[in-house]
2 protein chains.
Amino acid sequence: MRALPSRLSRIPAVGSDEPMPADGNEYNFCDTCTFSRTCLQSGYDKGRLRDLHVLIDHVGPFREGEHLFREGDPFTAIAAVRAGVVKTYVNDADGREQVQGFFLPGEIVGLSAISHDRYPCNAVALDTVQLCRFSFPDIAALATRIPSLQQQLFRLLSQDIGKATLLAGNYSADERMAAFLVSLSRRYAARGGNPDRFHLVMTRTDIANYLRLASETVSRVFRRFQDEGLIQVDRRDLRLLNLSRLETLARSVLRE
Amino acid sequence: MRALPSRLSRIPAVGSDEPMPADGNEYNFCDTCTFSRTCLQSGYDKGRLRDLHVLIDHVGPFREGEHLFREGDPFTAIAAVRAGVVKTYVNDADGREQVQGFFLPGEIVGLSAISHDRYPCNAVALDTVQLCRFSFPDIAALATRIPSLQQQLFRLLSQDIGKATLLAGNYSADERMAAFLVSLSRRYAARGGNPDRFHLVMTRTDIANYLRLASETVSRVFRRFQDEGLIQVDRRDLRLLNLSRLETLARSVLRE
DNA sequence: CGCTAGCTTGAAACCGGTCAACTTTTGTGG
DNA sequence: CCACAAAAGTTGACCGGTTTCAAGCTAGCG
C-alpha cells in the first residue's frame, strides 16, 4: 500500500462520511483525479479550474468490505478512485456474484450508471479506499462550457465500451489469467508502481468471478504459471517473472 | 425486408457514395435517426433543429458485403442505421472473426471509436444499408450548446457499456441464444416490427461468432428450441412461438 | 447439371466445472 | 499465547457441455 500524498492529510478521519470542505484559497487537487489532471494538462484558466474543483467531494476512507453504493441506489455521482481498490459486481439470478471490474487509483467508477437513474451494480472497497466524487449532472453541465471536459467524458465512456468487450470473447483460462495479470501490471505501472511486482488485493474467488472461471481453475493456473516460470506467487504477493511471455499469451484478449 | 419510407426515395441511387445534399427548405428527418427523434421529443426550436440537421449526411446504400469502415480507418463519424443491418467485428490473433454486434435501424454504430482516433473494428453491411452519418467533432461541439443532446450522447455511450457487459458472463448456449432472440425481437418491435416473426439477416456462423459458440452449436440449439416448441425456423425465417419461455431462459443474461 | 456456401447431424475429445477432502491463513475470545 | 472457528486456498477425481472433426445435406446459382 502506497502512502497517501501529504496534501491528502486533511481528509476527514476514518469513519467520517462528510465531504471535504471546498478550500477557496489553497487548491488541493489530488494527483489521482483524472478530470483534474486532464484539465490541468489542457491549461485551463483558474476560474474554470475552480468551477471543476468545487464539484469534487473528497470522500472516504471506506474500509474493506464497505459499500460505496449498491445496485438500485439512485445514481447521482461518478467517482475517481484516489487510493485503494474498488470492486463492482452484480448478483445473478442464482445469487452468484459476477464481478464486473476492479478499479485502481486514477480510474473512474460508475460510468455504466449514466444511462439509468440508478446504479446497475454494487461497488465495494477491497481495502481502504479514498474517492473523489463528482455530481454527474453538475459535471455534465460544466462540460457544456468546457469542451475538453466533455471530450474527456466521452473518451472515458467510450474506453469502457472497449474494456467491456475484452472479456466477452471465449478465451481459454490461460489467456484470461495472463490478460488479467498484464492489465494489472500496466495499470499499476501507469501510476508509478512496479510493473512486475505487486500485491493482489482481491481474493482468488474475486478473480475467478471476474474472469468467469471457477476459483479452483484460478488456483490451478497460478500453479501452472509458477511451474512454468512465468510468475511467482506467495499468497497475494505476485511477481511477474516473464512479462513478455505473459503478454504473448494475453495478446489475443487484449487485442494487440 | 421492410419497405423504405417514401421520403427516402430521394436518396442517391445504388453505387453512389455521395452524401445527400442538405435541403434548406424542406426538412427530411428520417424516422430512424435517434438523435433527431430525441431532439424532436425534447421540443427544440427550429434553429437548433436545423443546426443538428446540417450535420447529418445521408449516405448509402451500401450493398451486402460492403464495408462501412475498416479497423484502423481514421475515425471521423458515428452513424445511425436508417435501413438494413450492420455487423461489426474484429479478427483475432488466429484470424478468427469475432462479431461485436449487430445494428438494426435506429441504432448507432461507431461509439467505441470515440476514445481513439481510428476505428477499432470493421463494419459491414449484411443487406442493403442506409445510414445517417454524423461528424463526431461537430456533433460534440453542438452538444455544448444543446444540453439534452449531450445527455443523449452520454446515455448512448453508457448503454453500450451495459450491453457489452451482457455477453461477458459465462452463460450456457441456451441462455445465450434465448437472449439473442429476445433482444432481436424487442429491437424489431421497438421499430414497429413484429415481435414474434422476423428474418435473420445474419448467417449461423455470424450468430455463433457473436455469441462465442461454434456454429454447430447454434444449429443444434435452434433444432432443440424448435423440437421444444419455442420457435419455428425455416432457414433464416424465424417465428417465436413461446416468447415468455424464451424470456425466462434469457432472464439471467439480460439481467431482469 | 454440378458447384459452392451455408447448414445440419453424429461421434469423439477436451477444457473447465463441480464435488469433496484437505491445508493454510486469518480472526476471535478466553 | 493458545484454542478454536471460519474463511481462503489448494489439490485430485470425475463429469458434462461445447468444441472439434468428419460427413452429408440443402438451397441457390451459374
Side-chain angles (χ1 to χ4, degrees), chain A residues 63-65 87 92 94-99 124 126-127 167-180 199-228 231-238 249 252-253, chain B residues 1 63-65 85 87 92 94-99 124 126-127 167-180 199-228 231-238 249 252-253:
Chain A
R63 275 158 305 179
E64 182 184 339
K87 171 182 85 172
D92 74 3
D94 315 330
R96 258 190 265 259
E97 186 173 301
Q98 295 219 352
V99 175
V124 65
L126 292 186
D127 55 358
L167 283 173
N170 58 342
Y171 303 105
S172 69
D174 286 17
E175 289 174 316
R176 285 167 192 272
M177 283 291 292
F180 175 69
H199 186 77
L200 296 169
V201 287
M202 65 290 287
T203 66
R204 301 286 194 268
T205 305
D206 283 338
I207 297 173
N209 289 341
Y210 176 61
L211 298 177
R212 278 61 173 143
L213 299 171
S215 64
E216 293 93 330
T217 304
V218 172
S219 261
R220 284 187 253 262
V221 175
F222 268 141
R223 184 59 144 92
R224 192 152 30 77
F225 278 6
Q226 178 160 276
D227 291 348
E228 292 167 2
I231 63 174
Q232 188 174 334
V233 269
D234 174 26
R235 303 218 23 80
R236 306 271 180 99
D237 288 313
L238 195 65
L249 267 174
S252 56
V253 181
Chain B
M1 192 86 326
R63 277 159 303 179
E64 182 184 338
V85 178
K87 171 182 85 172
D92 74 4
D94 314 331
R96 257 189 267 260
E97 185 173 303
Q98 295 221 352
V99 176
V124 65
L126 293 186
D127 54 357
L167 284 173
N170 58 341
Y171 303 105
S172 69
D174 286 18
E175 289 174 316
R176 285 168 191 272
M177 283 291 293
F180 175 68
H199 186 78
L200 296 170
V201 287
M202 65 289 287
T203 65
R204 302 286 194 268
T205 305
D206 283 338
I207 298 173
N209 289 342
Y210 175 62
L211 298 177
R212 278 59 174 143
L213 299 170
S215 65
E216 293 93 331
T217 305
V218 172
S219 263
R220 284 187 252 261
V221 175
F222 267 141
R223 184 60 143 94
R224 192 152 31 75
F225 278 6
Q226 178 159 279
D227 291 348
E228 293 168 2
I231 63 173
Q232 187 175 334
V233 270
D234 175 26
R235 300 207 37 73
R236 306 270 180 98
D237 288 311
L238 194 66
L249 268 173
S252 56
V253 181

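Hydrogens, waters and symmetry mates play no part in the numbers below; they use all other heavy atoms, side chains included. Here is how names work: the chains are called A, B, and so on, in the same order as the sequence lines, proteins then strands, and each is numbered from 1.
Shortest non-hydrogen contact noted between B:Asp174 and B:Arg224 is OD2-NH1, 2.8 Å. Closest of all the heavy-atom pairs between A:Arg236 and A:His199 is CB-CE1, 3.3 Å.
The CG-P distance, from B:Asp237 to D:dA27, rounds to 13 Å in whole Å. With rounding to whole Å, B:Arg235 atom CZ is found 17 Å from D:dC25 atom P. In this structure, CG of A:Asp234 is placed 10 Å from P of D:dT10, rounded to the nearest angstrom. Rounded to a whole Å, the CD1 atom of A:Ile207 is 10 Å from the P atom of D:dT10. The CD-P distance, from A:Glu64 to D:dA7, rounds to 14 Å in whole Å. As rounded to whole Å, 8 Å separates atom P of C:dG6 from atom CZ of B:Arg236. In this structure, OH of B:Tyr171 is placed 14 Å from P of D:dT18, rounded to the nearest angstrom. Straight-line distance from the CG atom of B:Leu211 to the P atom of D:dG17: 19 Å, rounded to whole Å.
Across all strands shown, A:Ser172 has heavy atoms under 4.0 Å from sugar-phosphate atoms exclusively, and none from any base. Within 4.0 Å (heavy atoms only), A:Arg176 reaches no atom of the nucleic acid at all. B:Thr203 comes within contact range of the sugar-phosphate backbone alone, with a heavy-atom separation under 4.0 Å but no base atom that close.
A:Leu249 is not listed as a side-chain neighbour of A:Met177, based on a closest heavy-atom distance of 4.5 Å or more. Residues A:Phe222 and A:Leu200 meet the side-chain proximity criterion, which asks for heavy atoms closer than 4.5 Å. Between B:Thr203 and B:Asp206 the shortest side-chain heavy-atom distance falls below 4.5 Å.
When distances run from any side-chain atom of A:Thr217 to the nucleotides C:dG16, C:dG6, D:dC21, the shortest one goes to C:dG16. When distances are taken from the side chain of A:Leu213 to each of D:dG9, C:dG17, D:dT20, the shortest belongs to C:dG17. Listed nucleotides C:dA20, D:dT20, D:dA8 differ in distance to B:Glu216; the shortest reach to its side chain belongs to D:dT20. Checking D:dT18, D:dG9, C:dG17 against every side-chain atom of A:Arg220, the shortest atom distance belongs to C:dG17. Distances were taken from every side-chain heavy atom of A:Ala214 (C-beta onward) to each of C:dG17, D:dT11, D:dA27; the shortest belongs to C:dG17. Set against C:dT9, D:dG9, D:dT11, the side chain of A:Arg223 has D:dT11 as its closest nucleotide.
In this model, the phosphate group of D:dT10 is approached by a side-chain N or O of A:Arg204 to a distance below 4.0 Å at OP1 or OP2.
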